[in-house]
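All figures in this text were calculated on a predicted structure; none of them were measured in a lab. The chains referred to below are lettered A, B, ... by the order of the sequence lines, with proteins before strands, and numbering in each begins at 1.
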Amino acid sequence: MDKTYQPDSIEQAWYQAWEKAGHFRPSGEGESFAMMIPPPNVTGSLHMGHAFQDTIMDTLVRYRRMQGRNTLWQVGTDHAGIATQMVVERRLAAEGTDRHELGRERFLEKVWEWKAESGGTITQQLRRMGSSVDWSRERFTMDDGLSNAVREVFVRLHREGLIYRGKRLVNWDPALHTAISDLEVENREEQGHMWHFRYPLSDGSGHLVVATTRPETMLGDTAVAVHPEDPRYKDLIGQTVRLPLADRDIPIIADDYVDPDFGSGCVKITPAHDFNDYEVGKRHDLPQINLFTIEARLNDNAPQAYRGLDRFDARKKVVDDLDGLGLLEKVEDHTLQVPRGDRSGVVIEPYLTDQWFVAVESLAKPAIEAVENGDIQFVPKNYENMYFSWMRDLQDWCISRQLWWGHRIPAWYDEDGNVYVGRDEDEVRREHNLGDRPLSQDEDVLDTWFSSALWTFSTLGWPEQTDELKTFHPTDVLVTGFDIIFFWVARMIMMTLKFTGEVPFKHVYVHGLVRDAEGQKMSKSKGNVLDPLDLIDGIDLDTLVEKRTRGLMQPQKEKQIGKRTRKEFPDGINAYGTDALRFTFLSLASTGRDIKWDMGRIEGYRNFCNKIWNAARYVLMNTENQDCGLDADSSEVTLSLADRWIVSALQRAETEVTEALDQFRFDVASHAAYEFIWNEYCDWYLELSKPVLYGDEYSEAEKRGTRRTLVRVLEAILRLAHPFMPFITEEIWQKVAPLAGKTPAAEGADATIMRQPFPVSDRARLDPQAESDIEWIKAVITVVRNIRGEMRIPPGKALDVYLHNGKDIDRERLAANHNFMCRLAKLERITWLNAEDSAPASATGLVGDMEILVPMAGLIDKDAEIERLGKEIEKLRKEVARGESKLRNPNFVDKAPDEVVAKEREKLDDHRSQQARLEEQMEKIKYL
RNA sequence: AGAACCGUAGCUCAGUUGGUUAGAGCGCUGCCUUGACAUGGCAGAGGUCGGCGGUUCGAAUCCGCCCGGUUCUACCA
């Protein structure tokens, strides 16, 4: 074995071996455990959020697989309608063409080409993370089976009247020329203006003042609304104003929607361009005047002078023209929420178009109940509130998109504009007796989330009642980010309940966002993105800077990004390996919190990998080709105290890790493993094994016992840590397992650690006696080391120490472990002093009431020892004072539970007697 | 405007149902190339648990108010 752990030399080889051997596929035995990957964009690449999420999922899946569950981690990708279409359109633009020039069919060919070209990137990266997904079942939302499920769901919902088509006001993206759902709109606060206009009354008797942030829409006004009870305007209701520029008379109407205390109390109503106005317009039966083309230029419904103008140019002109007419009362600065498309970034317009909708009310009800009654549980629980508040105020879901890339809507129109919905054109013709009348299919495609809403069951073969569906549905856990609870989780719950009668999953584990070291969101435009692969493989500084500044939307940022990157990573990024990356994510994964990325952590866990590696080296050096006492008949084995202790401690660690994983506490689980491996096994047990293995005074049976324990505990540790760190554990396990009597088979389940049983703690192997004995030994050793450290006695200098005031048990413990203590504390001799013996001048420490004396002669400075003792005494004095005042309080003694009071008394006694001993010692030294 | 979450060591974070001497990692200080590991060992320093009040024998933990931060939702034209 190399002296240091080299992840790159083993990781990919192991992954390929596992995949080839089919270890990721369900075993077909045991209770099922299923998880669905949130399908990433097929042409995308892996970012830190994916890496975090995949680590959590893989840890869960490996854990359950090792527990003997029939485990399926379903993998697949999403066609990501808008995002993918945008990328391909950008590529076409670079070639000097566009999709309209190509036509729909050739454009789609181009998209499939792009998918073929870049579609493997993210799945390869998923492999680098060690993700044990079942590749044999990989799905794509646009493949035949899933497309079939999409059509089936659409048709069935339509038959029930839950999908309908209608002309509605929707969120329109003027850059992408498509409707988007309200979720895809981001409201951002921006600086704008509030313009106040005068609308003259038609009879010439005066004017009303209306205010707006979007002056261009006034050309489409069809009313002015006032509050019905507003005394200022009550008498005007029913009259008309002359709409300037458009020269139309529009009514003054009364509606509760108007807040009489805001502005002038008069509101212009533009039903075709504002959601509130749309509702008002419906109530009052107002005409809807659509002013815009699909690019948000003014159309022919606008007065001649404005036609063809971009909306923002039109705004300017409207303001100028009204000002010219003396109708601009004032302009104020105003901050407002501007709706922008989350993909395009342009201002979204409410726009009147024909769209398809899902009526969600009846679907939402059971979806709410499933969470209320606990069939689905969110982790952490507070996300349930977010879910409820959204589900209880649901808008119908606009599912049509004016794109080409996606599932085409299975609806056909005849020449009269009648619409027929069916699984395909033949079915439509048959069912509606259409003969050979010309039909044309709806041009639009479905929202990408429509297909991903079916993910848990469409991937398992629905609408066929497949074995997989029976076995793996409902799935157990969904691991996802909070940002798509509405987009995806809620819609999955609704659709899955509707079509399978089952919940899609029992638990939703919601993880936080991975942010950079400053807590900023990682984004290409900020230039603070970390690529998980760069953390695994390492990257030099220049390449990293080049990567971060390539293809920036705002090239002027290049310099700043380069500078910041060079400052943060002066030496580039080291290769830490997948296991260290995974362990870092897990240790930072406390419930639902965002993660601030910390390079220090990954470095620490890379060191942890190295620690495990070297512990294994030590074990192998001392056990290979040696008798490890595995043959129970022929070789007798004697276990040392340390052997019994570490086995006992292992049971506790196993319990902790298991309980934490069962509760999705990956931070707690990984910490428990870390703590046991480093601070117990490596720091203490390996050291305690050395005297036995290297000492002549130990019998062969004792040496065998220690060898056996070394190997067996290590083997268990590897299985315990495997879900967190799959690669290093496999690599070492292959070498260690044979020594523990588990020689890996050439193939099948026994060929790999990933199919071995997860360690189960055994109460019978707990040994409280051994644990408290070891605690005592550790305490004594620590006292000596402490004195050594504080007094700056070189670690190499062997010491003579004296023990004083010990009880029988102390004497027994020392007698039994003399050798261990000498070795670990580097002692020459340990001598008991009787009560009447006079001790040499010494530095003193306590374990309970037992004094440990390190003679000062030539080693210890009197003043230094006085200072050290003084600090100790001061600490104890404070504790004593605290305890005394507590116990002096009759309320405490009377009201607190007896055991709490008793414990407090005991503590006080201990502290008092320790204080007395140290003070006594202090006196001695002072008068030296 | 409403809601949620957060505020604990220099930094990043744990801290279950109130009963600790408040923990970990990184960083820092000192001593050490001791035959697994300097990606290491040993020891150490470092906290008024955001502030103020309240409940309680007892509060980092429960309640109220305030301050600071993050996010979501809804917005008035």
Side-chain angles (χ1 to χ4, degrees), chain A residues 1 3-5 187 194 196 210-214 217 224-225 257-259 261-270 274 276-277 280 336-337 380 382-383 385-386 389-390 393 482-483 486 513 517 519 574 576 580 584 587-588 590 592-622 663 665 667-668 671 674-675 679 682-683 686-687 690 694 781-782 785-796 823 825-826 875-876 878-879 882-883 886 889-897 899-901 903-904 907 911:
Chain A
M1 283 175 86
K3 200 173 162 186
T4 52
Y5 175 53
N187 289 302
M194 178 85 85
H196 297 256
V210 298
T212 182
T213 54
R214 298 188 304 155
T217 64
V224 171
Y257 157 68
V258 179
D259 175 1
D261 297 328
F262 186 86
S264 65
C266 300
V267 185
K268 62 189 275 302
I269 301 296
T270 324
D274 183 281
N276 287 313
D277 293 6
V280 174
L336 68 165
Q337 297 285 329
N382 48 325
Y383 283 104
N385 293 328
M386 184 170 155
S389 68
W390 189 68
D393 185 29
F482 66 94
D483 49 331
F486 303 147
L513 217 64
N574 287 326
Y576 295 107
T584 307
S587 69
L588 292 171
S590 48
R593 250 177 113 121
D594 284 357
I595 294 186
K596 269 198 206 183
W597 183 254
D598 182 357
M599 291 302 294
R601 291 297 280 258
I602 194 171
E603 185 154 342
Y605 295 124
R606 188 268 319 260
N607 296 351
F608 178 50
C609 290
N610 190 56
K611 192 74 182 175
I612 295 174
W613 185 258
N614 275 287
R617 279 182 69 209
Y618 168 79
V619 172
L620 289 169
M621 284 166 66
N622 287 289
Q663 294 167 58
R665 286 303 302 263
D667 57 333
V668 174
H671 184 254
Y674 180 98
E675 165 81 18
N679 300 341
C682 293
D683 283 352
L686 294 190
E687 295 308 318
K690 287 173 184 174
Y694 299 154
I781 292 169
T782 301
R785 284 175 176 173
N786 179 310
I787 290 170
R788 201 191 272 279
E790 299 243 326
M791 296 300 135
R792 305 200 182 156
I793 302 168
R823 169 94 185 201
K826 186 77 180 165
K875 264 192 222 166
L876 286 165
K878 275 189 193 147
E879 281 309 306
R882 220 182 52 87
K886 219 168 180 179
N889 181 352
N891 280 324
F892 173 69
V893 181
D894 293 346
K895 293 188 180 171
E899 68 265 25
V900 173
V901 177
K903 201 170 143 195
E904 201 61 43
K907 259 188 344 201
H911 288 141

* Asked: Below 3.5 Å, does any donor atom in the side chain of A/Lys611 face an acceptor in the base of B/C37, or the other way round?
  -> yes
* Watson-Crick/G-U partner (both atom distances under 3.5 Å) of B/G68 -> B/C6
* Structure fact -> Which of B/A74, B/A77, B/C57 is nearest the side chain of A/Leu336? It is B/A77
* Asked: Between A/Ala211 and A/Asn622, who's closer to the 5' end of RNA chain B by nearest nucleotide?
  -> A/Asn622
* Under-4.0 Å side-chain N/O to phosphate OP1/OP2 contact, A/Asn786 with B/G44 -> yes
* To do: Could you give the distance separating B/A9 and B/A22 at their P atoms, to the nearest angstrom?
  => 14 Å
* Asked: A/Asp259 side chain to A/Asp261 main-chain N or O, any donor-acceptor pair under 3.5 Å?
  -> yes
* Asked: Distance between the P atoms of B/A59 and B/G68, in whole angstroms?
  -> 28 Å
* Nearest-nucleotide pick for A/Thr4, side chain only, options being B/G7, B/A38, B/U39 -> B/U39
* Paired nucleotide for B/U61 [Watson-Crick or G-U wobble; both distances under 3.5 Å] -> none
* To do: Measure the distance from OH on A/Tyr257 to P on B/A74 and round it to the nearest whole Å.
  => 15 Å
* Using the C1' atom as the reference point in each nucleotide, state the distance between B/A77 and B/U70 in Å, no decimals. => 30 Å
* Asked: What is the distance from CE of A/Met386 to P of B/U71, rounded to the nearest Å?
  -> 13 Å
* Give the nucleotide from the list B/C37, B/C13, B/A77 with an atom nearest to the side chain of A/Val267. => B/A77
* Is there a side-chain contact between A/Arg606 and A/Tyr5, using heavy atoms and a 4.5 Å cut-off? -> no
* Salt bridge between A/Asp598 and A/Lys596, side-chain N to carboxylate O under 4.0 Å? -> no
* Structure fact -> Any strand, both distances under 3.5 Å, Watson-Crick or G-U wobble: B/A77 pairs with none
* Separation of A/Asp483 atom CG from B/C72 atom P, in whole Å? -> 10 Å
* OP1, OP2 of B/A36 versus side-chain N and O of A/Tyr694: anything below 4.0 Å? -> yes
* Asked: Quick one: does A/Glu790 reach the base of B/A45 with a side-chain donor-acceptor pair under 3.5 Å?
  -> no
* Main-chain N/O of A/Leu513 paired with A/Asp594 side-chain donor or acceptor, under 3.5 Å -> yes
* **Cation-pi check, A/Lys611 onto A/Tyr674 ring (under 6.0 Å, within 45° of axis)** => no
* **Any strand: nucleotide that pairs with B/C13 via Watson-Crick or wobble, under 3.5 Å** => B/G23
* **B/A3 OP1/OP2 closer than 4.0 Å to side-chain N/O of A/Asn385** => no
* Base partner of B/U29, which must satisfy Watson-Crick or wobble distances under 3.5 Å -> B/A43
